[in-house]
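Given the structure is predicted, the values throughout are model-derived calculations rather than measurements.
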Amino acid sequence: KELKIYWKHAGKRELRKWAQFILKFQQDLGITKAFIKGAFYVYRDVLETNNDREEFMKALKGLDFSALLEKDEKYTQDSLEKLLSSELKDDKDAIASEKLYTTGRRDEIRVIDTVVPVNERDANSDVPDKKHAELVLVNKTLRDLERIAQGVILGDSLLLVGETGTGKTSLVRYLASLTNNRLIRFNLNGQTDKMEFIGGYRPISVSIDRQTAVSIVEGILRERKTEEIQRLKQAVERITHQSRGDERVLAYVSGLLKQKDWDKITEIAEAMYSQEAEDANFGWRDGLLLKAMKEGCWILLDEINLAEP
């Protein structure tokens with residue numbers, strides 16, 4: 001049966017995403033709940049004022065739900081309206097009445113109504129540690145976690161917008177720790193080069209293991225010998241294609257250590273020693289985007305507004 005919705009934001013792209021949501025989640029949620037949750041997944045970000053919310057609710061309540069209710073006996077017209085109202089509740093600071101919980105299976109977890117696959121846990125350091133990633137679950141946090149989980153299941157690229165310190169990165173890190181997903185975090189700035197995402201040809205004549213590379217770089221930061229700093233500076237410039245002063249280079253490398261970007265630290269250490277090798281060979285080294293795609297990692301780009309177009 002045809003449903004017609006009259007609302008200013010009901011464009012073809014949004015309606016297509018809404019339909020995709022229903023098809024993906026109707027088995028777990030039932031078609032009625034998938035229909036309602038899909039509407040809020042697609043349109044919640046444009047409900048900025050009370051007037052927007054009122055217009056949206058009016059548009060939804062103006063639909064003829066009889067065909068859906070015939071297929072889904074769990075809901076009546078009254079319970080359907082309660083479901084609609086519950087999605088707009090503004091009790092964001094209240095301790096969550098609903099919780100994260102297991103479904104009885106080790107390979108999945110439920111966030112409110114959304115079931116998310118959980119990977120096998122391994123010793124890989126790219127998976128955030130749950131002890132340090134765990135959040136206090138107030139209602140807004142739990143709902144935001146569910147929306148991110150829905151986006152992951154749908155394969156959407158997500159843009160989290162908000163002031164500094166509002167928990168955008170923390171939400172992604174916590175969900176990654178719950179689902180045992182490897183997470184690559186990268187801070188963007190005005191000097192970020194596309195080669196850092198895609199990769200490029202780099203000297204590969206010298207191979208240094210991760211532990212040795214970290215030890216080398218930490219030693220340079222600790223001892224601050226002029227000759228070693230210059231070698232470090234040249235290595236960083238070769239890899240990032242950016243010219244930096246001594247202090248900026250030290251700050252950049254120190255930041256990599258804090259972020260536990262072991263691959264980049266190893267690459268810098270190798271570049272320091274390959275400079276001395278006259279017969280240095282060059283080979284392709286993947287950037288972080290290609291690495292994430294190949295290895296199935298989540299990639300989190302922080303401060304995207306600071307990057308060049």
Side-chain angles (χ1 to χ4, degrees), residues 17 20 24 41 45 107-109 111 114 116-130 132-135 141 144-202 210 213-214 236 239-242 252-268 284-309:
K17 177 56 66 178
Q20 289 173 355
K24 190 73 174 179
Y41 175 79
D45 288 336
D107 60 347
E108 63 184 23
I109 189 171
V111 186
T114 304
V116 194
V118 174
N119 298 325
E120 285 291 331
R121 183 76 184 183
D122 58 30
N124 196 301
S125 61
D126 291 338
V127 177
D129 179 43
K130 185 177 179 180
H132 298 100
E134 192 168 10
L135 301 175
T141 299
D144 287 342
L145 277 174
E146 185 185 34
R147 292 184 69 201
I148 295 172
Q150 290 166 347
V152 169
I153 293 170
L154 289 169
D156 289 341
S157 298
L158 303 178
L159 176 64
L160 306 186
V161 180
E163 297 294 331
T164 300
T166 53
K168 301 182 295 296
T169 299
S170 298
L171 283 167
V172 178
R173 187 170 62 239
Y174 185 32
L175 189 59
S177 73
L178 289 170
T179 56
N180 293 335
N181 274 287
R182 298 175 61 191
L183 178 66
I184 297 176
R185 179 184 174 189
F186 185 71
N187 283 318
L188 301 175
N189 57 63
Q191 304 300 317
T192 302
D193 188 88
K194 64 182 180 181
M195 300 298 288
E196 295 184 65
F197 288 95
I198 300 170
Y201 284 96
R202 308 277 169 78
R210 177 185 294 183
V214 172
V236 170
I239 290 171
T240 64
H241 307 289
Q242 298 173 26
Y252 171 75
V253 175
S254 179
L256 293 178
L257 286 171
K258 288 180 181 179
Q259 296 172 24
K260 297 184 179 180
D261 192 343
W262 310 130
D263 288 342
K264 184 69 73 175
I265 291 293
T266 301
E267 188 177 359
I268 290 171
W284 177 268
R285 190 181 289 269
D286 290 337
L288 61 94
L289 179 59
L290 288 185
K291 177 188 174 184
M293 293 172 67
K294 286 182 176 180
E295 299 179 9
C297 305
W298 290 3
I299 182 167
L300 174 62
L301 304 179
D302 259 338
E303 310 294 351
I304 196 168
N305 56 306
L306 300 180
E308 293 295 325

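- Between Leu158 and Tyr41, the closest heavy-atom pair is CD2-OH, 4.1 Å.
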Practice task
Could you walk me through whether Trp298 and Val152 pass the side chain to side chain contact (heavy atoms under 4.5 Å, CB included) test, one step at a time?
Solution key: CA-CA 10 Å; Trp298 290 3; Val152 169; 3.9 Å; yes

Exercise for the section: Show the numbers, then the answer: is there a side chain to side chain contact (heavy atoms under 4.5 Å, CB included) between Glu196 and Asp193? Expected result: CA-CA 6 Å; Glu196 295 184 65; Asp193 188 88; 4.2 Å; yes

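- Annotation: side chain of Leu145 is in contact with side chain of Leu171 (closest heavy-atom distance under 4.5 Å).
- Remark: the backbone N or O of Glu163 is paired with a side-chain donor or acceptor of Lys168 at under 3.5 angstrom.
- Distance check: Leu160 CG to Ser170 OG gives 11.0 Å after rounding to the nearest 0.5 Å.
- How far OG1 of Thr192 is from CG of Leu306: 8.5 Å, rounded to the nearest 0.5 Å.
- The CG atom of Leu178 sits 5.0 Å away from atom CD1 of Ile109, with the distance rounded to the nearest 0.5 Å.
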Handout entry: Chi angles and distances behind the side chain to side chain contact (heavy atoms under 4.5 Å, CB included) call for Val253, Ile265
Key = CA-CA 7 Å; Val253 175; Ile265 291 293; 4.1 Å; yes

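- When every heavy atom of Met195 is checked against every heavy atom of Gly200, the shortest pair comes out as CE-CA, 3.5 Å.
- Taking Phe197 as the reference, Phe186 meet the ring pair (Phe, Tyr, Trp, His ring centres under 6.0 Å) condition, with sequence neighbours excluded.
- When every heavy atom of Ala149 is checked against every heavy atom of Val116, the shortest pair comes out as CB-CG2, 3.6 Å.
- Counting only heavy atoms from C-beta outward, the side chains of Asp263 and Asp261 approach each other to under 4.5 Å.
- Taking every heavy atom of both residues into account, Thr266 and Arg210 meet most closely at OG1-CA, 3.7 Å.
- For the pair Asp156 and Lys17, the tightest heavy-atom approach, listed with the atom from each and the gap, is OD1-NZ, 2.7 Å.
- With values rounded to the nearest 0.5 angstrom, Ile184 atom CD1 is found 15.0 Å from Lys260 atom NZ.
- One finds the CG atom of Leu301 at 10.5 Å from the CG atom of Leu159 (value rounded to the nearest 0.5 Å).
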Exercise for the section: Any chance you could lay out the side chain to side chain contact (heavy atoms under 4.5 Å, CB included) test for Lys264 and Gln259, step after step, and finish with the verdict? Expected result: CA-CA 10 Å; Lys264 184 69 73 175; Gln259 296 172 24; over 6 Å; no

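- Side chains of Thr169 and Tyr174 form no contact here, defined as non-hydrogen atoms less than 4.5 Å apart.
- Legend: residues meeting side-chain hydrogen bond (donor to acceptor under 3.5 Å, both in side chains) with Ser177, ordered by chain and number and at least two apart, are absent.
- Remark: side-chain polar atoms of Asp302 are not paired, donor with acceptor, to backbone N or O of Asn187 under 3.5 angstrom.
- Shortest non-hydrogen contact noted between Lys291 and Asp286 is N-CB, 4.3 Å.
- Note on residues 145-173: no pairs pass ring-ring contact (aromatic ring centres under 6.0 Å, His included), not counting sequence neighbours.
- Atom CG of Leu288 and atom CD1 of Ile299 lie 4.5 Å apart (nearest 0.5 Å).
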